[in-house]
Structures are given as structure tokens and as C-alpha cells.
Amino acid sequence: EKKRRQKFSLIDMADAVSELTDIAAKFLRTASKEDYQLLFQLSNKACQRNNSVEQAYAQLKATVDKRLEEIAALVRQQDAAFVKVFRDNFKQFDGNTASLQMGVMKLTERLGQLVAKRARAQAVKYHPPQTLHEYARKRWEQVVFMPVEQRLTDGVLDTLKKDRQGATADFEGLADAVLSVLYMQQNPAAAPTTELPEGYTRLEERVSEATDGFYRTLAGDKASSMLCDAYMEFADSCLRTEELRLRKVLYEPSVPRVLTICNKRLVADYASLIVDAVKPYIVSTKYNQLRLAFQLLDRVGGVQPVLTLFENHIRSCGTEKLSALLGDLTPHGYVDTLCDLHRTYAEFLTRAFADDARVLACVDRAFKALVNATGRGLGSGNVSFSSAELLAQFADSLLRKTQKLSEQDCDAKLNDVILLLRYVEDKDIFQKFYSRFLAKRLINDTSGSNESEENMISSLTKLCGFEYTSKLQRMFKDIILSTALTQDFERDHKPKFSARICVLQAGAWPMRTQASQVTLPPALLTWINQFENFYSTQHLGRKLTWLHNVATSTLRAHLTGHVYEFTVTTFQMVMLLLYNDKDVRTVGELAANMGLQIGEVVSTVQSLLRCKVLLVEEGRSLEEHDPVRVNLASKTARGRKIGFPQNDERKSKQCGCSSRSPQREIEKEKTETDESVEKDRRLLLQSVCVRTMKARKRMLFNDLLQDILKQCSERFAVSVPFVKKGIEELIEKEYLMRSEENRNEIHYVA
């Protein structure tokens, strides 16, 4: 009975394998849900015996081969519909084999287990069995594709040629047929790979060869018969059309490779022709042609000559425009010229180069060279200016009360300052001059708008960092505190005359202490003592140093029936008050009463002589015994006049008297600023060096040098000798030391 049951079991298993094969053959022709369920059931049944598993799998492969022979015969019989039949059959066959693989998944897994068990028993490496889908794709290449490979390739090339020549070309189904060549060698279960099948690689090579030959001939004919403008438009049109054409046929990663050949024949071979036309395009502002030339050259990596031409053009134009200003240089002229130039080439950047980052870098380099090449060479006469100083002067003129621009226009001009300051290497020089001008505006109350001042400082902070503007912000805070302090003092003491007191923090303000102390009038001394006592009650331990060289006063003079108001310095005020008792005083008397040296008195007298407030006899050289008298004549005492409101039904005029000549003041201020900048640079360099070495403890000399150059370059154009000198100074001061074993190594001394 046992043998009988075993015999019937073997007969049933053979029937199941046969039925499985028949259903698989039917499924490969027309897949259906019912057949899929039968495949699943029969494959599970075949898994019950090991011999049946291998037998069933072998018969399934034979079924796949039989179906492929049928498809191959059908494809070979086609003529006009060859591509369509090839494509449709591959799609159907590939989809059906994938479904077949899913239906017999249990059989595939069981076969894998048997192969693994056999490999362990034989002590050999396990190789998983090939899936039906993978087997089907491999056999498709051998049975169907290889016999018609040449025919398919010729069809692709013929279609491309017709379309390039303007004839009617049928692309329907061609891309899917080509992609089938790609898919047939790929493992469906494996991850995608960049390695292409040999059949597809051969197809791509044939397409590349045909493309190269076609465009080599076409480009040569067109370049010899067209102007550059027309040829560029032709090349651009060809490349755009060719890209769309290739996407209809080839696999996506292949399109750039074939396009590279087109770019070489249409653009790279004639790059010199295009580059020669770039400069005329720039000069004549032909944005469209320039954009097209840049795009074409960018396809072949040939934009560097265009970038060089554009940068050199900006430099030459900027140099020419700045040279035209040297005879009559003003901050407004300098800034407006550079900003107009920048706006011109910013338009180039947008309209011709689509805001390309490489072109933007060229514009930045060109303007950085223009702005920093000025050095101390800008100016007229004996006075020269750096770009940083001119920008500071321009900003100062905008922020004063005397400027007549609207707030919107003023902000736009200040943005121009920030724009150009981005290119300035010596930003510390700008900071020095700007802080001096800001100090004068705040002390003399000549700032036009606190909001504009704060916006400017905010912009500087964004550009240069908080440390760059920390002192400027402190200056604003001092003025606010001083206003409140003045109000409290006047409320408590009610002085005889009004005064605006500015208590300034010594480290934040760019002021120098006056060496000479003038003898002040008794009323003013009394007022000063009152304020010092008041201040000492508010702030214990603080000492006030009075800066008479910075202070200004307004004096009212009654001369020949008119009232004049003079805005004068402290020295000028003390000198003029001495003439309340006498109309004529000698230089020696003035020096004795003011407590000053003869030279300082002579300088003050000369400033009042220029305003014709004081007079001396002609030929006098202002020696100690030379008399100086006050000018009582109404016509000559007015000097430089500014309209002033009526007061007591009499004319009232205001005259400002400078304590020294403008030329001399500018030169002295520039010298002081240069010295201050040089000192600050040394301190900054040494602080950076010490901070770096404190963190690193030891460094090679060259590494330390490069680190300092990198950190300091954000503030000013630092040179290698300057850094080396700073390091040597720190070694002399014993902050650093050289290693005894390696003299090129620097150690930090705690």
C-alpha cells in the first residue's frame, strides 16, 4: 500500500509540473489573474519534492526559450513595423516574465535552499540561482536582439539623419526600443548601476560617430559663409534642437555625452571666432549677443577669455573716468563716478550674463582693483586722498544738516558708500576718518538725522562686524547721556548762560587732549567748577579733562549799530572778550592775558584776521609788540556772512571763524589719522598673534604667519614684512619665544 501511494504521488507530481509548464506558456502569451493563481498553487505543489523543484524550474526555462523563438521569428518577418513590433513584444514579454517570476516565487526560494544545502555539503561557495526574469532578459539579448542589432541601429541612425536634414522622421516607439537594449542585461532585482550593457554601448558609439561627422561638415560650411552673430544663433538653435532630438531616442545619461560632441564641432572648433567678437559686444552694449556668446562658450568650458576681457574692460573704463577727475576731485564726484560705473556693469551682469557667479567675481575683482589702486594718489595740489577717506568725507557730507537731499535719496547715497566700502581693503582707515567726522557732527550738533546715522552704523556693522562699530555706538550713547546730564545740571544750578555739555568716554572718541590750557574768563571758570562738583556727586572716582580745542562758543558783538554773532573756538572766544576793555592790544598782552605761548596766540590772531574781525597795520609780522585792534567798521567786520533773524529791530549776522587754514587743517588731520591707523594696526596684529598662540601654544612660523594674514586681511591690506616685524616685536617683549630645537617653531610664553 505504501509503494502504491508513493507511485501515485510521483504520477501526481509529474502532472503538476506538466500543468505548471502549460500554464506558464499560456501566461507568457497572455497574462491573466486566473492563470497567476494557478501558477502560485502549482509552484507550491511542486515544492513538496526536491526532484520536482529542479525539474519544474528547468521546464519553465525551456518554456521561456520557446516563447523567445516565436518572438524572434515574428520580429524578423517585419519590415516597416519592425521597431514597433520589437518594442511591443519586449514590453509584453518583460512584463509577463516579471509576473511569472512573482507567481513561482515559492519555487525559486525552494530552489535556492536546495542549491545552498548542496554547496554546504560540497564545501563550495554558494551562488544563488538565476531568477526567471533575469534569465528571460539575458536570453532576449541572445535570441531576439543580437540577430537584429545591426538593423535596429541602422534604423536609429536613419531616423536621426532624416530629422537633422529636415525630412519627416518617425520617432514613435524608437526610444522604447532603444531602452529595451539597456534593460535586457540588467538584473531586475539588483540596484541600478551606471555601467551600460555592451549592446547599448555599441549603439551609443554609432550614434556619436554619426553625430560627429554630420556636425563637422555642417559647422564648417556655416562658419565660412556666416557672420559671427548669425553663426552663434545657428549654433545655439542646432544645439537646442539636437538635445530635444536625442532625448527622443537615447537613455538620459547618454544625451550629455553625445551633446558634448555637438558642442565641440559647433562651438569649441570656432571658439576663437566667438571670443574675437566679445569685446565689440561689450563696448557697444549688445546684451543679447554677449549673452549668447557666453552661453555657447560655457558649453565647452571656454568662458575664461570672456571673463578676462570683461574684467579688463571694467578696469580700463574705470581708470579712464577716475583719471578725468584728478584735476577737480571731490568726494561726490569720486563716489558718483564709481557708482555709475558699477550700475552700468551690474546691468551687464543681469542682462548679458544672467547674474553668473563667475562674472560677478570678475566685477568684484575689477572694482576692488579700481578702489584700492588709488592709494594716496587721488587729489589735486599738495593734498591727496585715499578712497577710504573720500568715502568717509562723502558720508559726512550726506549726514550733515546742510545736505539738501530727501531722506530717501540720502539713504540711497549712503548705500552707495557701503557698496564701495565692500571693495576697500583698508577699512580701518575709513573707520578712523568716519569716527572723526561723526565726533564732529555729534559734538557740534550738525547731524541731519539720528535715524540716518543709526542706519549707517547698522550697515557698517553688517559689513564689518560688531567690533568695527562698537566705538561709534558708544559715541551715540555718550551724547544721549550727556543731554540728560545737561538738563539735570541746568535744573539744579540755573547757570547764567546756556551750554551744551558733552561728557565723552576717553577710549571711544577720537579726540586728542589739548596740551595748552587757556586762561578762561572768571564767569566760565565758575560755571566749570559748578559742573565738576555736580558731576562728582553723580559719578564717584571719575576725572574730567576739558577739551578746549574741541569746544565752540557763540559770541554776540555790538559794532556800529549792528549785532553780530560769531561762532568761534575757545581760544578765539577768550581773545575777543579781552577787547571788551580795550580796542587795541599787542600780541604780548594777548599772550599774557590768555596764558598761551606767542606762537599759539599768533595762530589765533591770524584766523580772526582772515575773517576781518581783527586788524593789524600793513607790513606787520605779528611780533610780540605789534598792536592788534578790533575792526569797528561795519562793512569790513561782517566777513563771511550768513543770514540771521532780526533782533531788537537791528540787523543780526552770523560769522564762523576757523582757527586755522583749511589746507593746513586737512594736512594735520591726515597726518594724525595715519599715525593712529599705523598704531592701531600694530596693536591689532599683536593681539591676533597673542590670541592665536595662547590657543595653540606652539606653531611653525609660516603657519602662524598665514593665520595672522588671514585674520587681519578683513580689516586692512596687510603685508608679510609687517607681520614678521610684529612677531619679532612680541618675541623681544617675551610674549613669544623660538624653540631651541627648531628655530622655525614659535612657542607661547605663559
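When reading the values below, keep in mind they use all heavy atoms of this one structure, side chains included, and skip hydrogens, waters and symmetry mates.
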Selection residues 18-64 - residue pairs positive for ring-ring contact (aromatic ring centres under 6.0 Å, His included), sequence neighbours left out: none
Measure from NZ or CZ of Lys61 to the centre of the six-membered ring of Tyr135 and say whether it is under 6.0 Å with the direction within 45° of the ring axis. yes
How about Tyr423 and Asn372: does a side-chain donor come under 3.5 Å of a side-chain acceptor? no
Side chains of Asn312 and Arg315, donor plus acceptor under 3.5 Å: no
Looking only at side chains, do Asp707 and Gln711 share a donor and an acceptor under 3.5 Å apart? yes
Check: Asn415 side chain, Asp411 main-chain N or O, donor-acceptor pair, under 3.5 Å: yes
Applied to residues 267-302, the ring-ring contact (aromatic ring centres under 6.0 Å, His included) test, sequence neighbours excluded, yields Tyr231-Tyr270, Tyr287-Phe348, Phe294-Phe353
Has Asp158 got a side-chain atom pairing as donor or acceptor with Asp154's backbone, closer than 3.5 angstrom? no
I'd like to know if the side chain of Asp35 pairs up with that of Ser32 as donor and acceptor (distance under 3.5 Å, no hydrogens or angles considered). yes
If you draw a 6.0 Å radius around CD in Gln122, do more than 12 non-hydrogen atoms from other residues or ligands fall strictly inside? yes
Among side-chain atoms of Thr241 and Arg164, is any donor-acceptor pair under 3.5 angstrom? no
When you measure from the centre of the six-membered ring of Phe171, is the NZ or CZ of Lys248 closer than 6.0 Å and no more than 45° off the axis? yes
Using distance only, find each side-chain donor-acceptor pair of residues 112-120 under 3.5 Å and give its atom names and separation, not counting sequence neighbours.
unit_1: Gln113; atom_1: OE1; unit_2: Arg110; atom_2: NH1; d: 3.0
unit_1: Arg118; atom_1: NH2; unit_2: Glu54; atom_2: OE2; d: 2.4

Pair Tyr251, Glu204: side-chain N/O donor-acceptor within cut-off below 3.5 Å: no
Going by ring pair (Phe, Tyr, Trp, His ring centres under 6.0 Å), name the residues that satisfy it together with Phe93, two or more places apart in sequence or in a different chain. Trp140
Checking Glu134, His127, His133 against Gln130 for side chain to side chain contact (heavy atoms under 4.5 Å, CB included), the one that qualifies is Glu134
Shortest non-hydrogen separation from Leu266 to Ala219 and the atoms involved: CD2-CB, 3.8 Å
Qualifying residues under side-chain contact (heavy atoms from CB on, under 4.5 Å), relative to Glu209, sequence neighbours excluded: Arg206
Applying salt bridge (charged side-chain N to carboxylate O under 4.0 Å, His left out), which residue pairs with at least one partner in residues 217-238 are found, sequence neighbours left out? Asp236-Arg240
